[in-house]
2 protein chains.
Amino acid sequence: MTIAEVSGKLGISPDTLRYYERIGLIPCVNRNKNGIRDYTEEDCKWVEFIKCMRNAGLPIEVLIEYVSLFQQGDATIEVRKELLIEQRRRLLSRMEDMQKTLERLDYKIERYKQCEPK
Amino acid sequence: MTIAEVSGKLGISPDTLRYYERIGLIPCVNRNKNGIRDYTEEDCKWVEFIKCMRNAGLPIEVLIEYVSLFQQGDATIEVRKELLIEQRRRLLSRMEDMQKTLERLDYKIERYKQCEPK
DNA sequence: CTAGCACTTAGAGTTAACTCAAAGTCAAGT
DNA sequence: ACTTGACTTTGAGTTAACTCTAAGTGCTAG
């Protein structure tokens, strides 16, 4: 798969895909004889995983660490698990904040609706 | 209330409080005869509201718009309501993304736990 | 053969949201 | 009177995460 195809499929710009690879956020992608990236299914899955995690606000720094640990093999399984658990904890906490804000917005919107019952 | 007190009470640095005021994210705070900020209860409520919205990821730009509309009086009630509804929609959508990510993390963590049953 | 296009790199530029620094004012304590 | 310390302003600096630019390479169509 070319970079343009991956970009289209996952909705991430080629610039961002190259950037992610450069900083180690996704493992290096193989190239054809002309030095052009050729994404495997495996590569796509990584990109998709990263996209999902970034969407939820996990910091790039942490994800780089995770990828790096992954590449170091089975010895890092425990650390990786702890990393994920910690990130899960933070994610949940952010979601709770957002839930509170959502309720507050609902309350405010309701009050605005009562203001102008058309 | 002094800026230091508000800062302590709401966990926002004085620098940030001044910054918020400068860019119009909170209405101007009154000063005493020496030009030093003296926050009213009303001011605190604004700061707290902004803090809550920022926590949930609402962009500063949008919140400035909201405050500005608020200061223009009752004529903007409808617009303000629409603004809040739109932000609510976005917030909910982000929360749904995060929910998916949370589930994905749970799945991965579960798999890691099976890897090393101690 | 050459014009165009899609890719490559390294590095510079952008945006949002703070955060800090420098220079100044004022009231209170010694 | 002088120093200390909390406040003030303006404007510059920082950080995260892209995003763009310039210069270069190499296949493909005319």
Side-chain angles (χ1 to χ4, degrees), chain A residues 1-26 28-40 43 46-68 87 90-91 94 97-98 101, chain B residues 1-26 28-40 43 46-68 87 90-91 94 97-98 101:
Chain A
M1 248 188 159
T2 69
I3 199 169
E5 281 160 355
V6 177
S7 169
K9 182 173 162 194
L10 299 180
I12 302 178
S13 86
D15 267 325
T16 303
L17 285 169
R18 281 188 287 259
Y19 164 69
Y20 280 178
E21 189 177 343
R22 197 169 28 166
I23 64 175
L25 187 47
I26 51 174
C28 284
V29 174
N30 280 332
R31 317 302 184 88
N32 69 17
K33 64 176 162 33
N34 297 320
I36 290 177
R37 285 174 182 80
D38 183 22
Y39 289 77
T40 63
D43 292 329
W46 266 112
V47 175
E48 202 271 314
F49 169 70
I50 291 298
K51 185 196 172 175
C52 176
M53 295 299 134
R54 289 290 304 128
N55 255 342
L58 274 75
I60 281 191
E61 201 183 12
V62 170
L63 295 171
I64 290 175
E65 172 73 4
Y66 180 77
V67 173
S68 159
Q87 294 307 312
R90 286 169 191 255
L91 179 55
R94 282 203 306 280
D97 284 353
M98 290 165 92
T101 304
Chain B
M1 247 186 161
T2 70
I3 199 169
E5 281 161 356
V6 177
S7 169
K9 182 173 161 193
L10 300 178
I12 302 178
S13 85
D15 267 326
T16 303
L17 285 171
R18 280 187 288 260
Y19 165 69
Y20 280 178
E21 191 178 340
R22 198 168 28 166
I23 65 176
L25 186 46
I26 50 173
C28 285
V29 174
N30 280 331
R31 316 303 183 87
N32 68 18
K33 63 177 164 34
N34 297 319
I36 290 177
R37 285 174 184 80
D38 183 22
Y39 289 76
T40 62
D43 293 328
W46 266 111
V47 175
E48 202 270 314
F49 170 69
I50 292 299
K51 184 193 174 177
C52 177
M53 297 299 134
R54 288 289 306 127
N55 254 343
L58 276 73
I60 278 191
E61 203 182 12
V62 171
L63 295 172
I64 290 175
E65 173 72 4
Y66 180 77
V67 174
S68 159
Q87 294 308 310
R90 286 169 191 255
L91 179 55
R94 282 204 305 281
D97 283 353
M98 288 166 92
T101 305

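These figures come from a predicted structure and were not determined experimentally. Numbers restart at 1 for each chain; the letters A, B, ... are given by sequence-line order, proteins then strands.
Between A:Asn34 and A:Tyr19, the residue anchored nearer the 5' end of DNA chain D, judged by the nucleotide with its closest heavy atom, is A:Tyr19. Place A:Ile3 and B:Thr16 on DNA chain C by their nearest nucleotides, and A:Ile3 ends up nearer the 5' end. Nearest-nucleotide positions on DNA chain C place A:Glu5 closer to the 5' end than the other of A:Glu5 and B:Ile60.
Residue contacts shown for A:Pro14 are absent, as no nucleic acid heavy atom lies under 4.0 Å away.
The separation between B:Asn32 atom CG and D:dA6 atom P is 16 Å, rounded to whole Å. Residue A:Asp15 contributes atom CG, which lies 10 Å from atom P of D:dT21 at whole-angstrom precision. Protein atom CD1 of A:Ile36 is 10 Å distant from nucleotide atom P of D:dT28, rounded to whole Å. Between the P atom of C:dC18 and the NZ atom of B:Lys51 lies a distance of 12 Å, rounded to the nearest Å. At whole-Å resolution of the value, CD1 in A:Ile50 and P in D:dA17 are 12 Å apart. Here C:dC20 presents its P atom at 14 Å from CG of B:Leu17, a figure rounded to the nearest Å. Per the geometry, CG belonging to B:Leu63 stands 13 Å off C1' belonging to C:dA16, to the nearest Å. In this entry the distance linking CG of A:Leu25 with C1' of D:dA17 reads 11 Å, nearest Å.
Between B:Arg37 and the phosphate of D:dT8, there is a side-chain N or O to OP1/OP2 separation shorter than 4.0 Å. For the pair B:Arg18 and D:dT8, the criterion of a side-chain N or O lying under 4.0 Å from OP1 or OP2 is met. The side chain of A:Arg31 contributes an N or O atom lying less than 4.0 Å from OP1 or OP2 of C:dT9. The side chain of A:Tyr20 places an N or O atom within less than 4.0 Å of a non-bridging phosphate oxygen (OP1 or OP2) of D:dC18. Applying the 4.0 Å criterion to OP1 and OP2 of D:dA17, one finds that A:Arg54 has a side-chain N or O inside that range.
Which of D:dC27, C:dC7, C:dG11 sits closest to the side chain of A:Arg22 comes down to C:dG11.
Between the CZ atom in A:Arg37 and the CG atom in A:Asn32 there is a gap of 11.0 Å [rounded to 0.5 Å]. Of the inter-residue distances, the one linking A:Ile50 atom CD1 with A:Leu10 atom CG reads 12.0 Å to the nearest 0.5 angstrom.
Contact detail for B:Ile12 and B:Ser7: the closest heavy-atom pair is O-OG, 2.7 Å. Here the shortest heavy-atom pairing between A:Ile23 and A:Ile60 reads CD1-CG2, 3.7 Å. Looking at every heavy atom in both residues, B:Ile26 comes nearest to B:Leu17 through CD1-O, 4.1 Å.
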